[in-house]
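Letters go in sequence order (proteins before strands), and every chain restarts at 1. These figures come from a predicted structure and were not determined experimentally.
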Amino acid sequence: MEGRADVLSVRELEIGYETGRGLVRAVRGVSFDLGDDESLAFIGESGSGKTTLGLSLVRLLPQNASIAKGEIAFRAASEEVLDLTTLDDEDLRRFRWEECAMVFQSALNALNPVMRIRDHFADTAKDHSETNGSLKGRALTERATECLEMVQLDPGRVLGSFPHELSGGMRQRVMIALGLLLNPRVLILDEPTTALDVLTQRAIIEVLRTLKVEHRFAMIFVSHDLSLAAELADRVATTYAGRIVELGEVEQIFYHPRHPYTVGLLDAVPTLAGGQQELSSIPGSPPDLIDLPTGCKFHPRCPYATDKCREEDPPLIEVAPAQTAACWHWEKVGSDWEARGGEIHERDANRA
Amino acid sequence: MLRKIASSYLLRRVAKALITIFVMASLTFFLIRLMPGSPVEAYIANLVTQYNVSYENAKQQAASLFSLDLNAPVYQQYLEYLGNLARGDLGESLISRGVPVSEIVLAYLPWTLFSIGTALIISFSLGIMLGMLMAYKRETKLDHILTNLGSIVSSVPDYLMGILILVWVGVQWELIDITNMRGSLSPGIQPGFNLTFIGDAFYHASLPIITYVLGTIGLWMLTMRGSTESTLGEDYVTVAKARGLKERRIATAYVGRNAALPPFTQLSISIALVFGGSLLIEWLFVYEGLGYLLYNAIQQRDYPVMQGVFLMITTMVIVANLLADLLYSRLDPRIRVAGRD
Ligand SMILES: Nc1ncnc2c1ncn2[C@@H]1O[C@H](COP(=O)(O)OP(=O)(O)O)[C@@H](O)[C@H]1O
Ligand code: SF4
Ligand SMILES: [Mg+2]
């Protein structure tokens with residue numbers, strides 16, 4: 001993974017939702033880089049701002065949201081660096097799907113119910129023909145077939161179908177295939193397996209894993225489920241209350257976490273025997289993003305919390321090469337974790 | 001065979017329409033024949049008292065007029081009536097002796113179909129476009145004005161609308177020459193595929209058309225406004241934006257196309273209402289369609305013609321509904337499946 005050029009650089013991003021009750025601070029000072037064939041996972045409890053972050057990368061935030069501050073720099077296929085926060089409407093339209101495609105959290109209703117799957121491929125190709133050359137007729141069918149085969153769907157059956165004739169898992173895969181149509185540099189997947197049954201989840205994960213191995217593009221996953229990251233990510237960022245609290249290589253996050261929240265998430269990963277399970281093992285609930293606690297936002301729920309934690313917000317600091325964590329007591333967290341080593345390895349063996 | 005019919009949406013829908021027509025035709029038969037003081041009896045009594053015709057003779061005449069054998073048992077009369085109907089034989093007019101009712105009805109029918117059809121097409125497309133515009137510009141002044149206009153016109157009954165147009169536009173302001181507009185064509189104009197004829201047909205139909213449009217457009221506008229607003233919140237619209245589709249395509253193929261489905265389902269109700277309303281409106285504007293024919297038939301107690309008009313209007317409403325439903329099932333692919341169970 002050496003020598004990769006970053007396709008995406010996000011710096012100090014702040015996003016808020018204007019609501020009747022006040023400003024919801026959904027993303028607070030997020031910074032990260034994404035290598036051009038890297039796969040990065042954002043993992044955090046529901047409400048930690050993951051979807052908001054994903055939407056901001058394709059500039060599709062709801063009306064009441066605004067980017068208060070920060071930079072999103074995207075290196076396009078032309079090597080030109082685009083500043084996403086200032087792109088004009090037409091450039092933005094072309095940027096979407098050509099450079100960066102996003103498969104939404106609620107992909108089950110993502111297809112136009114009155115249009116056949118084939119026509120979804122056709123109109124996407126058509127509206128991007130200025131940059132991609134016109135893809136139509138047989139060439140279009142060939143390309144659509146190729147994309148559908150990449151996600152292990154039978155093109156003969158799927159292309160002529162209406163969305164309601166396909167199962168949830170098939171629709172999800174169609175969306176991924178559609179995302180591949182224009183060869184984007186980045187594919188964002190928001191909760192790609194949530195709302196699907198266990199078998200279908202498995203199938204989707206296999207599809208994504210093959211895509212990751214066989215094709216060169218960057219992926220961003222967003223999920224509340226850390227086990228998804230284990231299978232698909234090169235690097236993992238755990239997010240809490242709109243912030244990245246720990247970021248590192250997948251092995252570092254799984255085997256050497258340094259933030260109590262990451263530890264909590266790891267303990268919540270269901271083992272195979274345990275089956276599907278809520279993230280219940282972290283006591284308490286996420287903070288109110290309108291009225292955040294002082295100091296470290298995790299302190300009301302943190303077993304390591306001290307007075308310092310209640311007063312000062314810890315910065316994200318390097319805890320190992322390529323691994324950062326935002327915790328005053330990361331060393332203690334780390335040594336406690338390593339002391340539990342045996343138990344953990346046994347659990348990982350179960351997971352694999 | 002029955003299974004096959006039940007499993008095909010099209011066949012099932014057509015069968016339903018045929019049964020409805022059959023029931024309506026039967027009702028018409030029993031109403032006219034069996035009710036005390038029915039048209040047949042009234043006609044016979046009339047002949048006997050007014051023209052001193054013997055009862056037997058009068059009955060004979062009535063039988064030939066209604067194309068019935070009045071001596072036969074009722075069930076046989078009924079079967080014969082159905083047989084005649086199937087052949088398009090509706091009897092003969094009392095007033096224009098010897099002229100088959102079917103011929104008269106068919107001569108007036110095209111004008112009603114033309115005016116109502118044109119009005120519904122204009123009203124539906126215009127209403128849909130305005131409704132979408134309102135939803136895209138929601139909470140602006142334009143939206144408020146159109147919403148108010150829409151609710152006002154949809155709450156005024158259509159005959160009242162017709163009278164208002166007649167009184168204000170025609171009589172008070174004298175903007176148009178209503179006497180000239182009477183009838184369905186100007187004297188001397190021959191039907192044919194030319195501009196003079198088409199222009200004249202529209203000229204004479206314009207007031208009924210405007211009335212029907214005003215009577216129905218409010219409904220389309222308001223329904224479309226609501227359904228567009230909810231369609232704009234659908235995931236597939238957001239996803240279409242994420243797919244970098246052009247604004248125009250999203251507005252038409254994604255938002256408009258889906259948002260038009262709910263108003264479309266109201267088309268059936270509207271068709272029946274407009275057909276019903278046309279009976280009064282045509283009379284009001286002296287537009288020579290079925291409504292006008294019916295009005296005259298009532299005036300002259302031309303029962304066979306009345307019956308013919310009833311049957312024709314019922315059939316038209318049922319057929320129009322059938323077409324609307326079939327079209328809807330083409331517009332919404334989910335219906336074809338849902339209709340199966
Ligand atoms: N349209 C919105 N208006 C106001 N608040 C919102 C809106 N969308 C999301 N939020 C709030 O922003 C926070 C982050 O939400 P989200 O990004 O969806 O988190 P996640 O995807 O991690 O579950 C939540 O507290 C949520 O309630
Ligand atoms: S800074 Fe303190 S409260 Fe925050 S995670 Fe670390 S130990 Fe817990
Ligand atoms: Mg989310």
What part of [X] is in contact with chain B, defined as an atom under 4.5 angstrom from a non-hydrogen atom: side chain, backbone, both or neither?
{"X": "A:V58", "answer": "neither"}
{"X": "A:L60", "answer": "side chain"}
{"X": "A:A110", "answer": "both"}

Is any residue of [range] within less than 4.5 Å of chain A by heavy atoms, and which ones?
{"range": "residues 126-149 of chain B", "result": "none"}
{"range": "residues 239-270 of chain B", "result": "B:V239, B:K241, B:A242, B:R243, B:G244, B:L245, B:K246, B:R249, B:A253, B:Y254, B:R257, B:N258, B:L261"}
{"range": "residues 109-119 of chain B", "result": "none"}

Chain B interface, residue from A:V103, A:T124, A:L178, A:D123 that has the most non-hydrogen pairs under 4.5 Å: A:D123
Partner chain B: residue of A:M115, A:R59, A:M102 with the largest heavy-atom pair count (under 4.5 Å): A:M115
Part of residues 83-97 of chain A lying next to chain B, heavy-atom separation under 4.5 Å: A:R93, A:R96, A:W97
Smallest separation among heavy atoms of A:P113 and B:P333, with atom names: O-CG, 3.4 Å
B:D235 side chain reached by A:F104 side chain, heavy atoms, under 4.5 Å: no
